[in-house]
2 protein chains.
Amino acid sequence: MSTIEQVALLAKVSVATVSRVVNNSAYVSETTRDRVEQAIKKLNYQPNALGKLLRKETTSMVLVLLHSVDNPFFATIVQGIEKVAHENDYNVLICNTYGDTEREQHYLKMLRNHLVDGVVFISNTCTSDEVNYLNATFPVVQVVEYLTDIDAAHYSIDFYQAGRDLMDILYKNGHRSIGFIHTGSTEIVSSKEKFRAYKDYMKERRLPLITNYPDECLFGYANAKKIAGDLLDKHPKTTAFFATSDLLACGVIDELNCRGKSVPKDAMVVGFDNTSYAYVGKPNITSVELNSFQLGAMAMEYLMSKIKNKPVAHNNKCLIPYQIIERESTKKGQ
Amino acid sequence: MSTIEQVALLAKVSVATVSRVVNNSAYVSETTRDRVEQAIKKLNYQPNALGKLLRKETTSMVLVLLHSVDNPFFATIVQGIEKVAHENDYNVLICNTYGDTEREQHYLKMLRNHLVDGVVFISNTCTSDEVNYLNATFPVVQVVEYLTDIDAAHYSIDFYQAGRDLMDILYKNGHRSIGFIHTGSTEIVSSKEKFRAYKDYMKERRLPLITNYPDECLFGYANAKKIAGDLLDKHPKTTAFFATSDLLACGVIDELNCRGKSVPKDAMVVGFDNTSYAYVGKPNITSVELNSFQLGAMAMEYLMSKIKNKPVAHNNKCLIPYQIIERESTKKGQ
DNA sequence: ACGGGCGATGTAATCGATTACATTCTAAAG
DNA sequence: CTTTAGAATGTAATCGATTACATCGCCCGT
């Protein structure tokens, strides 16, 4: 790799002039410019970003921290983030933390070291104090998942109300024995709020809770299937399930099918997030559309304002409208 | 943010001594070390990585370039990459290129600028020359998708043979009118090889091709459904489909269902990649397991060897065994 | 008492850029 | 013919670290 000095030497000019040519930052005569550009081409010179970043304060890059990209739901948020980032000539680096604080700290070091200009938390594992501290010093925003008791901005939806809306659908279809199925972390706001909605809804109607929550299990389809089986063993009369994601709902439906029960005739099921899992199978699944692309875009807009020190366009603790998408899994008379 | 100089000032030592304390790199007396550590704590000093990187040659970070994380199949590869990376105290930055060369170049600049130590291409859009050039200068590896005519290493499977194996299943189940359905890029090796397998297999048996290939369409479920519909309109007697991914297979099955045909009784369908789409729906889908976690891990092992200048453990143009997973979508008598 | 060895620390060059300031040159204005 | 504005370029400080080399004590052996 060649340096600016080598180019300067070859073109018989000073490094300052080369820098001016590269950055188009001041008067350079035609002939000199030509000579420098020739030298650049000849040496295949690429400016070293480190030298540049050491002087400049911006990197045109932001970090996105999430649990793991294996959840297709996150991909949509990232797309929203990227759309706005690209409009602002920013690039996005995605990092899986797998809920590991140490790993997260490793990536956050990039923020502290000015290797990136800001960070979007899709889910985070660090403490409120930590986020507060970061937020005081750097551009930070939370999207979808968030810590409530802190200063940092967040863009999300009202998971509690959405949960109640789903419960309403099941209840109004006549169901009284409703199970709640969750796998994965219980430490995130979405899990807590969905469960609170379920619990409140059932308690208000003096109905018994049928759930594994808050027992943590590994993520995924197979676990949901197993839990559904366990609950059905204990409570055979359960006729409806609130699964906290679409993939889990698929597992529940599979278990019901295995027991000779068909959805929605013998039991109804709802999911969450309106991912492709909600519509690729039969029956397709009633779910909640979070408008996650929009959420990602809004969060990134906020972050860009922070980075560029411009006034923030919208409220920085924002819950946007969601939509309940009713599908076959809760349709009567099928 | 405080600098090493401020710490040195407060601790009444030189920057060299502070650096020694921070890096534990040479003799420092107990008392001096204490004083420096106190100063570090007091100022909440965090070494600026840029200064460091400018001198040192490694960053402990690698780049992963892919089309977009919205394909859950990629997530498994990334997990394999990350497993090996973490074992070597390396961190992984994931970047969506959306098949955009310019964006890809932006990220590759990080490699050229020594902001990362190496790059894993899961899919790439740049030319063979470009990859060759990068490969000559930096640690580079390709996984799953790859360019054939270049020096860079790759880890993948034999898509051609896997495609023929799938065709065999359909053929041996008596099918003669077999459609081939693909959406997304036709420029990648997996697409080309799958189609070549289909084409060869059919031609060898003097059967007519039934396909949209190589017409490019947008990704996804809805397009696959539409193409299946088109093919069925033109060739109503088609009784089997080779879809190039599991998600597409879901779309095909949905279209068949919409036309009152049931899978596998009236038509058989195969997918590819053995993603969760292959087993969450009914019927679940015969697919090909690539062992993508292992592929990711192997690629990263190669890259680590390159980065650390150690001999490479396994052949660097490697096609590992795959498995055909037969499921309901190709089971006779159901 | 003197020199050797080494522990402890400081000085300053260096990495590759940017950029304020200085300098030189040219051409138009007076 | 001088003056002078401003175009064109160079010089050198700077960003924040690392590290080779220099230096300074101090203890120990003879």
Side-chain angles (χ1 to χ4, degrees), chain A residues 1-40 43-61 109-117 137-138, chain B residues 1-40 43-61 109-117 137-138:
Chain A
M1 299 290 305
S2 47
T3 69
I4 198 172
E5 205 157 348
Q6 293 168 27
V7 174
L9 218 63
L10 182 61
K12 296 188 203 300
V13 296
S14 70
V15 292
T17 302
V18 178
S19 175
R20 286 181 191 117
V21 171
V22 171
N23 300 300
N24 233 321
S25 58
Y27 306 105
V28 177
S29 71
E30 265 316 301
T31 60
T32 311
R33 176 178 297 274
D34 279 356
R35 257 204 343 277
V36 171
E37 274 166 355
Q38 295 253 332
I40 287 176
L43 294 174
N44 190 24
Y45 166 69
Q46 305 265 6
N48 180 322
L50 291 173
K52 188 176 203 157
L53 295 182
L54 205 52
R55 292 303 307 260
K56 302 273 226 173
E57 65 291 350
T58 65
T59 64
S60 295
M61 293 196 293
K109 201 185 267 183
M110 296 178 69
L111 184 63
R112 285 191 271 259
N113 286 333
H114 305 280
L115 281 172
V116 296
D117 293 350
T137 324
F138 303 104
Chain B
M1 297 293 303
S2 46
T3 71
I4 198 171
E5 206 156 349
Q6 292 168 29
V7 175
L9 218 63
L10 183 60
K12 296 188 202 300
V13 295
S14 70
V15 292
T17 302
V18 177
S19 175
R20 286 180 191 117
V21 170
V22 171
N23 299 301
N24 233 321
S25 60
Y27 306 105
V28 177
S29 71
E30 265 316 301
T31 59
T32 311
R33 177 179 297 274
D34 279 357
R35 258 206 340 278
V36 172
E37 275 168 354
Q38 295 252 332
I40 287 176
L43 294 174
N44 190 25
Y45 167 68
Q46 306 264 7
N48 180 323
L50 291 172
K52 190 175 203 157
L53 295 182
L54 204 51
R55 291 303 304 262
K56 302 273 227 176
E57 64 292 352
T58 67
T59 65
S60 295
M61 293 197 294
K109 202 185 266 184
M110 296 179 70
L111 184 65
R112 285 191 270 259
N113 285 335
H114 305 280
L115 281 173
V116 295
D117 293 350
T137 324
F138 304 105

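Chain identifiers are assigned alphabetically (A, B, ...) following the order of the sequence lines, protein sequences preceding nucleic acid strands; residue numbering begins at 1 within each chain. These numbers were taken from a predicted model, which means no experiment stands behind them.
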Do you know which two heavy atoms are closest between B/Arg33 and B/Val28, and how far apart they sit?
N-CG1, 3.8 Å

Could you tell me the separation between the CG atom of A/Asn24 and the C1' atom of C/dT19, rounded to a whole number of Å?
16 Å

Selection from D/dG16, C/dA8, D/dG10 that lies nearest to any side-chain heavy atom of B/Tyr27:
C/dA8

Roughly how far apart are B/Glu5 CD and B/Tyr45 OH, rounded to 0.5 Å?
10.5 Å

So what does B/Ser29 touch, heavy atoms closer than 4.0 Å: a base, only the sugar-phosphate, or nothing?
sugar-phosphate

Measuring from atom CD1 of A/Ile4 to atom CG of A/Leu43, what distance do you get when rounded to the nearest 0.5 angstrom?
12.0 Å

Taking CZ from A/Arg55 and P from C/dT19, how many angstroms apart are they, rounded to a whole number?
7 Å

Which one, C/dT18, D/dT18, C/dG16, comes nearest to the side chain of A/Thr3?
C/dG16

Comparing nearest nucleotides in DNA chain C, the 5'-proximal residue of the pair A/Arg20, A/Ala49 is A/Ala49

In whole Å, what is the span from the CG atom of B/Asn113 to the P atom of C/dC15?
17 Å

Distance below 4.0 Å between B/Ser19 side-chain N/O and D/dT18 OP1 or OP2
yes

What is the separation between atom CG on A/Leu54 and atom C1' on D/dG16, rounded to the nearest whole Å?
6 Å

What nucleic acid atoms does B/Val22 come within less than 4.0 Å of, heavy atoms only: base, sugar-phosphate, or nothing?
nothing

Rounded interatomic separation in angstrom, taking CG from A/Leu115 and P from D/dA17
12 Å

To check you understand the geometry: which heavy-atom pair defines the closest contact between A/Lys12 and A/Arg35, and what is its length?
O-NH2, 3.6 Å

Residue A/Asn48, side-chain atoms from C-beta onward, closest of D/dA12, C/dG16, C/dT9
C/dG16

Heavy-atom donor-acceptor pair, B/Asn48 side chain to B/Leu50 backbone, under 3.5 Å:
yes

Go through residues 4-12 of chain B and report each residue with a non-hydrogen atom lying under 4.0 Å from DNA chain C, sorted by number.
B/Lys12

Rounded to the nearest 0.5 Å, what separation is found between the CD1 atom of A/Ile40 and the CD atom of A/Gln38?
10.5 Å

Measuring from the side chain of B/Ala16 (C-beta onward, heavy atoms only), which nucleotide among C/dG10, D/dT18, D/dA12 has the closest atom?
C/dG10

Nucleotide C/dA8, atom P - distance to CZ of B/Arg35 in whole Å:
14 Å

What nucleotide, of C/dA8, D/dG10, D/dT18, holds the atom closest to the side chain of B/Val15?
D/dT18

Check the distance between C/dG16's P and A/Tyr45's OH and give it to me in whole angstrom.
10 Å

Rounded to whole Å, please give me the gap between CG in B/Asn23 and C1' in D/dA17.
9 Å

Presence of B/Thr17 side-chain N/O under 4.0 Å of C/dG10 phosphate oxygens OP1/OP2:
yes

